[in-house]
Every structure is written in structure tokens, then in C-alpha cells.
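Indexing begins at 1, ligand by ligand and atom by atom, following the structure's order.
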Amino acid sequence: MIGVRRRVGVLISGRGSNLQALLDAAADPAYPAEISVVISNRADAYGLQRARDAGVPATVIAHDAFASRDAFEIAIDAALRAAGCEIVCLAGFMRILTPEFVNRWPNRILNIHPSLLPAFTGLHVQRRAIESGATIAGCTVHVVTPDLDSGPILAQAAVPVLADDDERALTARILEQEHRLYPAALAWLAEGRVRIDGNRALVTGTEASGALLSPRPEGL
Ligand code: GAR
């Protein structure tokens with residue numbers, strides 16, 4: 001039986017490949033969320049076209065058209081509420097949200113970040129992962145709290161950092177996993193399977209299996 005689909009607003013700033021992954025997942029009527037509106041702070045974001053192609057309303061709310069960050073965020077909040085959104089997904093949205101905005105959507109904003117948090121918050125995280133010497137990198141979907149890239153972790157996917165990786169190669173390997181992870185994590189939140197306990201997000205009905213080693217020793 002198909003239950004209620006939660007209405008989701010997606011905030012973007014650019015290419016929108018994670019938005020595309022969410023649109024593709026939501027194209028299945030059995031998926032527990034639908035994308036109700038896409039909002040970009042940049043008029044030239046390619047993700048706007050992806051939204052229109054999927055028949056989803058796409059809106060530009062340009063940060064530089066507002067006198068203050070508060071006014072910009074009030075406009076975003078109003079557009080989300082006008083579209084009846086219950087959940088907000090940040091998908092390559094490159095503006096920092098104020099605590100005031102975040103607190104208006106408690107445990108209702110998700111973000112995808114291209115590192116295994118809490119390692120590598122902020123920018124250029126794939127390059128910094130390579131430079132750090134780490135042999136495993138990945139991506140994280142987390143609940144957004146007022147502290148940047150620090151909210152409860154819903155899901156992570158790991159990939160190896162290979163000896164000849166440059167930033168571009170590692171970014172592509174991580175991005176492939178982002179596109180798998182984000183729709184899954186949003187589905188869990190939409191289904192009401194996420195319980196927040198302190199800074200932990202506990203998801204019912206999921207379990208980890210086995211260990212992840214990189215490089216993988218011969219014979220394993
Ligand atoms: C993605 O790699 C996403 O994880 C990252 O921006 C890219 C957006 O790509 N987000 C951040 O770095 C947020 N701190 P997309 O527009 O193709 O989804």
C-alpha cells in the first residue's frame with residue numbers, strides 16, 4: 001500500500017546532480033516523499049532546468065537581491081511553506097543557514113556533504129581528504145543543526161582513496177555514492193524511521209554488515 005508522501009523542498013546552488021537523484025527516486029509513486037519545490041539562490045543553476053524537466057516548480061531566490069541574510073532566509077522559508085513542505089533537503093546549497101532558519105525546521109533539514117563527517121567539514125573536502133593521507137573517504141547525509149556540518153549523521157557511504165587519485169577522480173567516486181545515499185536517507189526520514197538521540201540519529205530497520213578495509217588485504 002502506498003502511504004502519505006512527505007512534501008520536500010530542495011535548496012540548490014548549482015549543477016543539481018543530487019537533486020536529480022532525489023527527483024528520480026520520487027518519480028516512483030511508492031517512494032515516501034515527493035519534491036514539491038526546488039529553490040536556487042543562483043539564477044544560472046543547472047538544477048533549475050532539472051526541476052522543470054521533472055515538472056517540479058523551480059524558483060530563484062537570489063541571496064544578493066536581499067539587504068540582509070535574514071530577509072533572504074525569510075523569503076526561502078515563505079516559499080517552502082507556500083509549497084507545503086515538511087522536509088527541506090540541501091543539495092549542493094552553498095549558503096550557510098542561520099540558527100534562526102534552522103530552528104524553524106527542527107530535525108527537518110537534511111544535508112549531503114562529500115566527506116566522512118566529522119572529518120573534513122567546510123570546503124574542498126575531497127582534496128583535503130587526499131592530502132591528509134586517508135585511505136577511505138566518502139559522503140554523509142546529516143540532519144542540519146545550527147553548527148556547520150555537525151548535526152546527527154543519518155547515513156554514510158565510504159569509498160577508497162586510490163594511490164593515483166586526484167581531486168577530480170575522488171570527487172567523481174564519492175558523487176556516485178552520494179546519488180545512492182541521499183534518496184535512501186530521505187526515505188528513512190520521510191517514513192518516520194529516524195529517532196534523534198543527542199547528536200545521534202538512530203534509524204530503525206537498518207543494520208551495518210561486516211568491516212570495510214582500504215586497501216583491502218589480499219585474500220579478503
Ligand atoms: C555535492 O558533492 C555535495 O555533496 C556538495 O556539493 C556538491 C553538489 O553537487 N555539497 C557540499 O559541499 C556542501 N557543503 P550537485 O549540485 O551536483 O548535487
Closest protein heavy atom to [atom], given as residue, atom name and distance to 0.1 Å:
atom: atom 15 (P) of ligand 1; answer: Ser17 N, 3.4 Å
atom: atom 16 (O) of ligand 1; answer: Gly16 N, 2.8 Å
atom: atom 14 (N) of ligand 1; answer: His113 ND1, 3.4 Å
atom: atom 2 (O) of ligand 1; answer: Glu178 OE2, 3.0 Å
atom: atom 12 (O) of ligand 1; answer: Pro114 CD, 3.4 Å
atom: atom 7 (C) of ligand 1; answer: Arg15 NH2, 4.2 Å
atom: atom 10 (N) of ligand 1; answer: Ile112 O, 3.7 Å

Is [X] in polar range of ligand 1, meaning some N or O pair under 3.5 Å apart?
X: Phe93; answer: no
X: Asn111; answer: no
X: Asp149; answer: no

For this session: Using a strict cut-off of 4.0 Å, indicate which atoms of ligand 1 neighbour a heavy atom of Leu175.
Result: 2 (O)

Problem set entry | Atoms in ligand 1 flagged as close to Gly92, the criterion being non-hydrogen separation under 4.0 Å |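 That gives atoms 6 (O), 8 (C) of ligand 1.
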
Exercise. Which residue, Ile130, Val125, Leu175, forms the side-chain contact (heavy atoms from CB on, under 4.5 Å) with Leu170?
Worked result: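 Only one option passes, and that is Ile130.
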
Problem set entry | side-chain contact (heavy atoms from CB on, under 4.5 Å) partner of Phe72, the single match among Ile76, Ile74, Asp70 | Ile76

Exercise. Is the number of heavy atoms from other residues, nucleotides or ligands under 6.0 Å of Leu212 CG greater than 12?
Worked result: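 Yes, CG of Leu212 has more than 12 neighbouring heavy atoms, counting only those of other groups under 6.0 Å.
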
Problem set entry | Distance-minimising heavy-atom pair for Leu11 and Phe93 | O-CB, 3.4 Å

For this session: Identify the two heavy atoms, one from Leu116 and one from Ala137, that lie closest to each other, and give their separation to 0.1 Å.
Result: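 Between these two residues, the closest heavy atoms are CD1-O, 3.5 Å.
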
Exercise. Between Trp188 and Arg6, is there a cation-pi geometry (under 6.0 Å to ring centre, at most 45° from the normal)?
Worked result: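 That pair does not qualify as a cation-pi contact.
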
For this session: Is it possible for you to say whether Leu90 and Trp105 belong to one hydrophobic cluster, with membership spreading through side-chain heavy-atom contacts below 4.5 Å?
Result: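 Same hydrophobic cluster.
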
For this session: Please answer whether the main-chain N or O of Phe101 pairs with a side-chain N or O of Thr98 as donor and acceptor at a distance below 3.5 Å.
Result: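 Checked: pair present.
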
